[in-house]
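Report on the structure given below.
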Amino acid sequence: MAPSAITSDTSSAGEAAASDNRPRILVPEKVSAEGLALLHKLYTVDTRTGLTAEDLIALIPSYHGLIVRSETKVTAAVLAAGSKLRVVARAGVGVDNIDVSAATGHGIIVVNSPSGNIAAAAEHTIALLLATARNVGRADATLKAAKWERSKLVGIEVGRKTLGIIGLGKVGMKVARMAIGLGMKVVALDPYASADMAKQAGVEALVESLADLLPVVDFLTIHTPLLASTLNLLGEAELQKMKPTARVLNVARGGVYNEEALLKALDEGWIAGAGLDVFTAEPPALDSAAARLAAHPKVVATPHLGASTVEAQENVSMDVCTQVLEILRGGLPTAAVNAPLIMPEEYRRLEPFVRLIERMGGLYTQHFAGGRGGMVGGRRFELVYHGELAEISNTRPLFAALVKGLVSSISDAGGRDVNIVNATLIARERGIAIDEKHVRNDGSPALHASLVTLRSFEPGGGGTGHEQVIEGYVSGKVIFISKLDRFAANFHPEGVLLVLHNYDEPGKIGNVGMVLGKHGINIKFMQVAALNREAREAAAAAAASSGSVVDGPVVDTGDAAKEALMILGVDGDIARDSEVVRELGEAEGILNVSLVRL
Ligand SMILES: NC(=O)C1=CN([C@@H]2O[C@H](COP(=O)(O)OP(=O)(O)OC[C@H]3O[C@@H](n4cnc5c(N)ncnc54)[C@H](O)[C@@H]3O)[C@@H](O)[C@H]2O)C=CC1
Ligand SMILES: O=C(O)C(=O)COP(=O)(O)O
């Protein structure tokens with residue numbers, strides 16, 4: 001179907017901006033304005049509700065981000081059609097409506113809000129618990145139909161009753177605390193839950209099987225995700241084990257209770273009632289088991305309202321929009337479903353190294369490979385983490401930063417930004433191989449608490465060919481390059497840099513200053529990086545034996561030990577093929593010039 005059938009509530013600002021070339025974000029469901037406001041400044045945000053599956057596939061190719069709740073099915077076909085898509089954000093917890101593995105395959109980050117709506121979901125569970133205990137739904141419906149049926153609507157109290165919780169995660173634990181507050185006894189089943197945490201929350205027992213749980217509970221509530229292992233977890237056999245007075249609740253996902261079995265259990269009196277917020281199809285298809293459950297007199301039903309509070313919607317919207325903002329401008333997500341979780345503390349620690357390594361990659365491509373992608377693709381790199389950094393096990397952001405730095409200055413980068421999910425894919429596509437090494441303590445005196453070394457080898461050289469090295473460190477939050485090839489440096493890798501390989505002789509600085517001055521280029525900083533100790537010794541040894549050749553772009557030094565790098569930070573931009581770069585390259589004693597934009 002053509003997208004003309006779309007009912008759109010796009011804001012006029014969004015429509016106006018649709019023609020611009022800023023990244024675009026599609027929001028096919030009602031997502032709270034608080035978070036979306038963060039995105040309007042940088043991106044075009046189109047809120048378009050009422051899309052069919054076909055509409056979504058037709059629209060998605062022009063979007064970089066997609067923000068959904070539980071109604072939109074983000075299928076493999078949608079993800080395949082999303083050629084520009086970099087992030088799918090779930091403004092909520094459950095991601096069972098998103099094909100996460102297909103997203104990973106396409107290098108698309110999936111993020112969610114792991115806890116923005118859990119209080120709302122837990123409170124709604126308690127609302128259904130009390131509503132099923134006191135027949136609130138039927139009482140309201142009959143009274144609205146002008147019937148006064150007090151004697152038919154006698155309920156039960158929840159105090160001193162036993163609540164069984166399957167899935168003692170974030171929502172389950174909150175429900176446990178609230179139920180204990182209502183005077184209930186709580187027993188739980190969750191093979192992955194911590195017995196200590198359960199005990200601290202006041203849970204009386206963490207049982208090991210459904211058989212231990214089902215016969216003893218007066219109320220049962222489920223708070224697991226919908227997984228292959230939780231689909232139809234409660235079928236006929238299980239429901240038959242329950243007390244005939246028991247009531248069951250579902251604020252997790254339709255399908256955890258088998259709906260046909262639940263209907264039978266209610267009809268045949270195996271259990272007394274149910275409080276249901278979620279169904280296998282939403283809204284339930286006419287005459288389906290889900291629809292019959294919703295209409296059942298022993299059921300209190302709500303249309304997936306667990307997260308529908310003003311507060312929860314603000315929370316989840318802020319959570320996911322903050323992440324979309326970060327991801328689309330190259331930052332890291334805080335709750336990526338298909339990438340390792342980065343704790344805030346770990347994030348703070350890694351952030352300067354992410355910047356450093358990205359710049360090291362950029363420096364490599366532009367200094368050693370002259371900005372030519374062909375010289376980066378097919379290369380083997382070694383990224384070595386020394387000292388404290390070697391203790392970090394989740395190095396995915398650092399790996400991604402290197403890939404990003406290496407490819408970002410290459411013009412045919414494919415229009416896709418590199419992120420922690422697609423980095424491996426992009427590296428593989430370009431034939432870039434990266435080995436990560438952790439060197440905790442190599443015995444040498446450490447100048448810096450953490451140091452990163454990037455080494456590259458000629459393709460197919462098996463590490464024996466010419467080796468190019470960049471080394472960097474972080475001091476405070478400031479990043480520095482301490483080694484560039486055979487030269488000991490100490491500069492801040494930022495902005496436009498001219499790296500001149502020259503003979504370290506008097507007059508060089510003046511000549512370079514004159515050329516730049518002639519072209520009106522202002523020098524922000526200048527640094528001369530001399531050969532490091534090993535290189536000086538190697539050069540001296542080489543000179544002593546043959547008096548001539550040294551590795552690299554230098555052909556014949558005559559006096560290799562006098563080589564140096566002059567690193568200049570300049571104001572404004574300079575083209576790689578500009579007159580000034582040509583003149584610098586031709587200046588006396590200059591062996592090579594590279595222009596680096598970081
Ligand atoms: N109705 C609504 O509007 C809302 C529904 N939810 C749903 O609630 C569910 C739980 O959310 P959270 O507590 O945030 O997730 P969570 O990940 O914190 O907790 C899930 C728990 O289930 C446990 N679990 C997994 N498989 C199990 C099994 N076979 N048996 C027993 N326990 C098992 C896990 O160990 C974990 O402790 C999700 O399905 C989510 O989508 C969440 C928010 C709102
Ligand atoms: O967060 C969840 O898992 C929910 O089920 C909430 O769904 P919703 O965002 O209200 O469609």
Side-chain angles (χ1 to χ4, degrees), residues 27-32 35 49 67-74 88-98 100 110-128 164-178 187-195 197-198 201 203 206-214 220-235 238 249-257 275-280 282-283 301-317 319-320 335 337 341:
V27 188
E29 293 186 62
K30 176 91 187 76
V31 172
S32 188
T49 52
I67 303 179
V68 300
R69 287 178 59 188
S70 60
E71 280 180 27
T72 309
K73 305 287 171 251
V74 187
V88 174
R90 162 58 164 121
V93 177
V95 289
D96 44 290
N97 53 326
I98 300 168
V100 176
V110 180
V111 297
N112 73 347
S113 165
S115 55
N117 64 19
I118 57 165
E123 286 184 11
H124 197 67
T125 307
I126 298 296
L128 290 183
I165 301 181
I166 301 178
L168 201 59
K170 293 183 293 295
V171 178
M173 196 62 102
K174 267 197 178 295
V175 169
R177 291 201 172 93
M178 291 178 185
V187 288
L189 169 65
D190 186 330
Y192 315 104
S194 136
M197 276 176 68
V203 174
L206 202 52
V207 298
E208 284 187 359
S209 70
L210 282 174
D212 294 332
L213 188 78
L214 298 175
L220 177 70
T221 185
I222 298 198
H223 299 286
T224 67
L226 182 64
L227 308 165
S229 56
T230 57
L231 180 68
N232 296 320
L233 190 64
L234 274 284
E238 290 73 28
L249 308 170
N250 191 1
V251 185
R253 280 295 178 272
V256 178
Y257 295 91
L276 306 176
D277 184 48
V278 284
F279 302 88
T280 46
E282 294 179 354
T302 51
H304 201 148
L305 292 182
S308 292
T309 64
V310 173
E311 296 85 347
Q313 287 311 308
E314 285 178 10
N315 291 343
V316 296
S317 175
D319 280 357
V320 297
V337 173
L341 182 69

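This structure is a prediction, so every number in the text was calculated from the model and none was measured. Indexing begins at 1, ligand by ligand and atom by atom, following the structure's order.
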Between Ser113 and Val320, the two heavy atoms sitting closest are N-CG1, 4.0 Å
Using a 3.5 Å cut-off on N or O atoms only, is Gly94 in polar contact with ligand 2? yes
One finds that the ligand 1 atoms under 4.0 Å from a non-hydrogen atom of Val251 are 1 (N), 2 (C), 4 (C), 5 (C), 6 (N)
For His304, the atoms of ligand 1 under 4.0 Å from one of its heavy atoms are 1 (N), 2 (C), 3 (O)
Does ligand 1 have any atom that is closer than 4.0 Å to a heavy atom of Ala193?
no
Per-atom filter on ligand 1: closer than 4.0 angstrom to a heavy atom of Ile118 are 14 (O)
heavy-atom search around atom 43 (C) of ligand 1 in the protein gives Asn117 OD1, 3.2 Å
So for Asp277 against ligand 1, with non-hydrogen atoms under 4.0 Å, the contacting part is side chain
Of Leu305, Val251, Val93, the residue with the heavy atom nearest atom 1 (O) of ligand 2 is Val93
among protein heavy atoms, the one nearest atom 10 (O) of ligand 2 is Arg69 NH2, 2.8 Å
Atom 25 (C) of ligand 1: of Gly167, Ser308, Pro225, the nearest heavy atom sits on Pro225
- So, does Ser317 use its side chain to make a donor-acceptor pair with the main chain of Val31 at under 3.5 Å? no
If we number the atoms of ligand 1 from 1 as shown, the ones under 4.0 Å from a heavy atom of Leu189 are 31 (C), 32 (N)
Against ligand 2, does Glu29 come closer than 4.0 Å with any heavy atom?
no
Note: Ala91, heavy atoms under 4.0 Å from ligand 2, region reported as backbone
closest protein heavy atom to atom 8 (O) of ligand 1 is Ala252 CA, 4.0 Å
min-distance protein heavy atom vs atom 11 (O) of ligand 2 -> Ser70 OG, 2.5 Å
the protein heavy atom lying closest to atom 40 (C) of ligand 1 turns out to be Val93 CG1, 4.0 Å
* Asked: Measuring from the heavy atoms of Gly306, does anything fall under 4.0 Å of ligand 2?
  -> no
Is a donor on one side and an acceptor on the other found under 3.5 Å between the side chain of Asn315 and the backbone of Gly116? yes
With heavy atoms and a 4.0 Å threshold, my read on which part of Glu71 contacts ligand 2 is neither
Looking only at heavy atoms, the pair that brings Ile166 and Thr224 closest together is O-CG2, 3.7 Å
Closest to atom 38 (C) of ligand 1 (heavy atoms only, candidates Thr302, Val171, Thr224, Val95) is Thr224
Nearest non-hydrogen contact to atom 15 (O) of ligand 1 from the set Lys174, His124, Lys170 belongs to Lys170
Ile166 N/O to ligand 1 N/O under 3.5 Å: no
For atom 36 (C) of ligand 1, the closest protein heavy atom turns out to be Asp190 OD2, 3.4 Å
Could you check if a side-chain atom of Tyr257 sits within less than 4.5 angstrom of a side-chain atom of Ile222, using non-hydrogen atoms only? yes
Any atom of ligand 2 sitting under 4.0 Å from a heavy atom of Arg90?
yes
Practice problem: Answer yes or no: does an N/O atom from Ser308 fall short of 3.5 Å to an N/O atom of ligand 2? | Solution: no
For Gly94, the ligand 1 atoms with a heavy-atom partner under 4.0 Å come out as 41 (O)
Any heavy atom of Val316 under 4.0 Å from ligand 2? The part involved is neither
Quiz item: Backbone or side chain, does any N or O of His304 fall under 3.5 Å from an N or O of ligand 2?
Solution: yes
For Gly306, the atoms of ligand 1 under 4.0 Å from one of its heavy atoms are 1 (N), 2 (C), 3 (O)
Less than 3.5 Å apart, any donor N or O on the side chain of Thr302 or Asp277 sitting next to an acceptor on the other?
yes
Here the atoms of ligand 1 under 4.0 Å from any heavy atom belonging to Pro191 are 30 (N), 31 (C), 32 (N)
Checklist entry - Does the N or O separation between Ala307 and ligand 2 drop below 3.5 Å for any pair? => result no
Practice problem: Verify, without hydrogens or angle tests, whether Glu29 (side chain) and Arg69 (backbone) share a donor-acceptor contact under 3.5 angstrom. | Solution: yes
Contact region, Leu168 to ligand 1, non-hydrogen atoms below 4.0 Å, reads backbone
One finds that the ligand 1 atoms under 4.0 Å from a non-hydrogen atom of Ala121 are 43 (C), 44 (C)
